[in-house]
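Take a look at the structure set out below.
These values consider heavy atoms only, across backbone and side chains, with no hydrogens, waters or symmetry-generated copies. Sequence lines set the chain letters: A, B, ... in the order given, protein chains first and strands last, and positions in each chain run from 1.
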Amino acid sequence: FIFQEERYTDGSKWRFLEHKGPVFAPPYEPMPNKVRFYYDGKIMKLSAAAEEVATFFAKMLDHEYSTKDVFRKNFFKDWRKEMTSEEKAIITDLNKCNFSEMNDYFKAQSEARKQMSKEEKKKIKEENERLLQEYGFCIMDNHKERIGNFRTEPPGLFRGRGDHPKMGMLKRRIRPEDIIINCSKDSKQPKPPPGSKWKEVRHDNKVTWLASWTENIQGSIKYIMLNPSSRIKGEKDWQKYETARCLKKCVDRIRTQYRDDWKSKEMRIRQRAVALYFIDKLALRAGNEKEEGETADTVGCCSLRVEHIKLHPKINDQEFVVELDFLGKDSIRYYNKMPVEKRVFKNLQLFLENKQPEDDLFDRLNTSILNKHLQELMDGLTAKVFRTYNASITLQQQLKELTCPDDSIPAKILSYNRANRAVAILCNHQRAPPKTFEKSMQNLQTKIDEKEKQLSTARKQLKAAKADHKASHDEKSKKIEEQLMKLQVQATDREENKQIALGTSKLNYLDPRISVAWCKKYGIPIEKIYNKTQREKFAWAIDMAEKDYEF
DNA sequence: AAGGGGACTTGGAACGACATGT
DNA sequence: ACATGTCGTTCCAAGTCCCCTT
């Protein structure tokens, strides 16, 4: 079995680790003299440090970010820290700053890049390939593995998502002195760039990362880790789905228990049981507490507040309807209105009693309490396992329900995408409709119309041919029919997918063995479902799953 | 139990390369 | 050859969960 050979029992992740360290962002290149900055209408030459930060803002001039108050305030504050005392004395108002020549310059640069000749583009591509070959791989135990991100993040302005209090702050440049290297003692250690030193070199084989640094916005640690195709990531992924399959075996018991707990005398147990019901039924995230003012105000299950929920004893013929409306991860809105069991409803009414909108719905619960309880119900069980389990089981059920054995391959793939879509909707994976959506739908419709015309012409010819007892045009009609059907399927698929993002569920929630088995069962080439990168990530599953695999 | 640090997974958008049609 | 749309890749933020300290 592919993972067994290298598993360690003592919690260590590897015995040998060798790599070249990260690639750093290129140094700042000052603006050419002809590109000027104006303050209050007057030309002003900036010091290199101040100019660099100014260019970060200039690059974002066309973005909505740069008009937001918080963004501008944070930027200006951090920018001033980079100025000389002379600059600081003059530049006191961001509204009097004119970055437009810098902005034009970057636009021209990007245009020039597009206009480069084939040879120039090829040269850049080769240089990138060389860098990848040199720095993009490491040796972990006996394998050469691809590194996920071998570059440090370049400096720039922080762009949080949603209403982020830190948007616009300066993300500082990462230097070798910020980097902790992790590798094995007996490996050839990476060399810092000439004239510099690493912050530290350590040999910790209880972790999987190769290098790390502390980022200055939140003070959190960033890592350089392996690519999803690596053994270490694949094995972890496989384990994740095995845990979810474990839940499948005992989910009935757990559901019976939490339904029972809705009647508990203890408030904390009732809250735990209702929260778990939400996590199971609605696939909500756990909802850790967050430090106020440090991040956007978003919530998950355990951190839901009174203001996020409405109870309707009766609404449009339905009883006991719960309305949830809150911002979840990445400030994506979750909105759902659904009937629940009477007991759940009554409990929720109880939890809401005598509370203010900003109070916690589950005031006797947090993720740590919940996960401790889950751990007792099943080894390795945590809140997120429910999302994985419900996503994967939904895919499997939907595939069973939607696939018609006699359908053509495109029609079967539409069924697959619809099953995938059911999961994405469950997990609330939304996207902004693509900017070109309407137009591309129109184009597709034009193609369909043309194809229909072609078909009717071909059919007329066929009739004529038959009347003449000549050779049949039947083949031709069939071919056009097939093309038409393909286009129609494509249109349906695209329309249904307007605001749904399939990628996240496909990559993180759906046991790939379900898809592999489905492909084998219905003779669909795996390339139709997974692209090259995805096939590399899921190599273990492609290797493992037969057509009768059951999640 | 509270709080913070650390390691790892999950997430949508931006970017850029490539395919396709003209 | 060029423009345009599509799709894969990269980016890096934002979650989860565990562990340690107090």
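Put simply, CD on Gln218(A) is 12 Å from C1' on dC12(C), counting in whole angstrom units. Between Lys240(A) atom NZ and dC8(B) atom C1' there is a gap of 11 Å when expressed in whole angstrom units. Note: NZ (Lys506(A)) to C1' (dG12(B)) measures 17 Å, nearest angstrom. Distance, Arg159(A) CZ to dA14(B) P: 7 Å, rounded to whole Å. Spacing between atom CG of Leu507(A) and atom P of dT10(B) amounts to 10 Å, rounded to whole angstrom units. One can place OH of Tyr223(A) at 15 Å from P of dA13(C), the figure rounded to the nearest angstrom. In this structure, Asn371(A) places its CG atom 17 Å from P of dG15(C), rounding to the nearest Å. In this structure, Glu129(A) atom CD and dT9(C) atom C1' are separated by 14 Å, rounded to whole Å.
Put simply, Thr208(A) has a side-chain N or O that comes within less than 4.0 Å of OP1 or OP2 on dC8(B). In terms of phosphate contacts, Lys233(A) brings no side-chain nitrogen or oxygen within less than 4.0 Å of OP1 or OP2 of dC8(B). Applying the 4.0 Å criterion to OP1 and OP2 of dA13(C), one finds that Lys171(A) has a side-chain N or O inside that range. The shortest distance between the side-chain N/O atoms of Arg151(A) and the OP1/OP2 oxygens of dC12(C) is not below 4.0 Å. Between dG11(B) and Arg387(A), a contact under 4.0 Å exists linking OP1 or OP2 to a side-chain N or O. At the phosphate of dG12(B), OP1 or OP2 sits under 4.0 Å from a side-chain N or O atom of Thr504(A). Between dT16(C) and Thr382(A), no contact under 4.0 Å exists linking OP1 or OP2 to a side-chain N or O. In terms of phosphate contacts, His164(A) brings no side-chain nitrogen or oxygen within less than 4.0 Å of OP1 or OP2 of dA13(C). Residue Asn288(A) has a polar side-chain atom (N or O) positioned under 4.0 Å from OP1 or OP2 of dT16(C).
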Inset, instruction - Take Lys290(A) and Thr298(A) through the test side-chain hydrogen bond (donor to acceptor under 3.5 Å, both in side chains) and record every step on the way to the result. - result: CA-CA 9 Å; Lys290(A) 302 166 75 185; Thr298(A) 63; 2.5 Å; yes
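Of the candidates dT9(C), dC8(B), dA13(C), dA13(C) carries the atom nearest the Lys222(A) side chain, counting heavy atoms from C-beta on. For Lys125(A), whose side chain is taken as the heavy atoms from C-beta onward, the closest listed nucleotide among dC18(B), dG12(B), dA14(B) is dC18(B). Each of dG12(B), dT6(C), dT10(B) was ranked by its minimum atom distance to the side chain of Asn508(A); first place goes to dT10(B). For Tyr509(A), the side-chain atoms get nearest to dT10(B) when compared with the rest of dT6(C), dC8(B), dT10(B). Comparing atom distances between the Arg161(A) side chain and each of dC12(C), dA7(B), dG15(C) picks out dC12(C) as nearest.
Using a 4.0 Å heavy-atom criterion, one finds that Lys532(A) contacts no nucleic acid atom at all. If you check every strand for non-hydrogen atoms under 4.0 Å, Gly503(A) touches nothing. Using a 4.0 Å heavy-atom distance criterion, Pro154(A) is classed as a sugar-phosphate-only contact. The residue Lys114(A) sits apart from the nucleic acid: no heavy atom pair falls under 4.0 Å. If you check every strand for non-hydrogen atoms under 4.0 Å, Ala383(A) touches sugar and phosphate atoms only. Residue contacts for Arg285(A): at a heavy-atom cut-off of 4.0 Å it reaches the sugar-phosphate backbone alone, with no base atom in range. Residue-level contact check: Thr298(A) touches the backbone only, with heavy atoms under 4.0 Å from sugar-phosphate atoms and none from bases. Gln430(A) comes within 4.0 angstrom of sugar-phosphate atoms only, judged by non-hydrogen atoms across all strands, and of no base. Within the nucleic acid shown, Ile217(A) has no heavy atom closer than 4.0 Å to any nucleic acid atom. Within the 4.0 angstrom heavy-atom criterion, no nucleotide atom of any strand lies near Lys372(A). Across all strands, Gly328(A) comes closer than 4.0 Å only to sugar-phosphate atoms, never to a base (heavy-atom distances). Backbone-only engagement by Asp330(A) is indicated by non-hydrogen atom pairs under 4.0 Å involving sugar-phosphate atoms exclusively. Looking at heavy-atom distances under 4.0 Å, Lys384(A) makes contact with sugar-phosphate atoms alone, never a base. Within 4.0 Å of Phe158(A), counting heavy atoms only, lie sugar-phosphate atoms of the nucleic acid but no base atom.
A salt bridge links Asp325(A) to Arg333(A): one of the charged nitrogens lies within less than 4.0 Å of a carboxylate oxygen. Between Glu145(A) and Arg231(A) no salt bridge is recorded (no basic side-chain N to carboxylate O distance below 4.0 Å).
Side-chain atoms of Asn227(A) and Glu536(A) include no donor-acceptor pair closer than 3.5 Å.
Ring-plane geometry between Phe99(A) and Phe75(A) is classed as perpendicular, the angle between the planes exceeding 60 degrees on a 0 to 90 degree scale with a lower cut at 30.
Aromatic rings of Tyr509(A) and His429(A) (six-membered ring for Trp) have centroids within the 6.0 Å cut-off, being under it. Taking the ring centroids of Phe158(A) and His164(A), they lie under the 6.0 Å cut-off.
Between Leu381(A) and Ser331(A), the residue anchored nearer the 5' end of DNA chain C, judged by the nucleotide with its closest heavy atom, is Ser331(A). Remark on DNA chain B: of its neighbouring residues Asn366(A) and His63(A), the 5'-side contact belongs to Asn366(A), judged by nearest-heavy-atom nucleotide. Comparing His429(A) and Asp204(A) against DNA chain B, the residue whose closest nucleotide sits nearer the 5' end is Asp204(A). Nearest-nucleotide positions on DNA chain C for Arg146(A) and Ala286(A) put Arg146(A) closer to the 5' end.
With sequence neighbours excluded, the residues satisfying side-chain contact (heavy atoms from CB on, under 4.5 Å) with Asn149(A) are Ile224(A).
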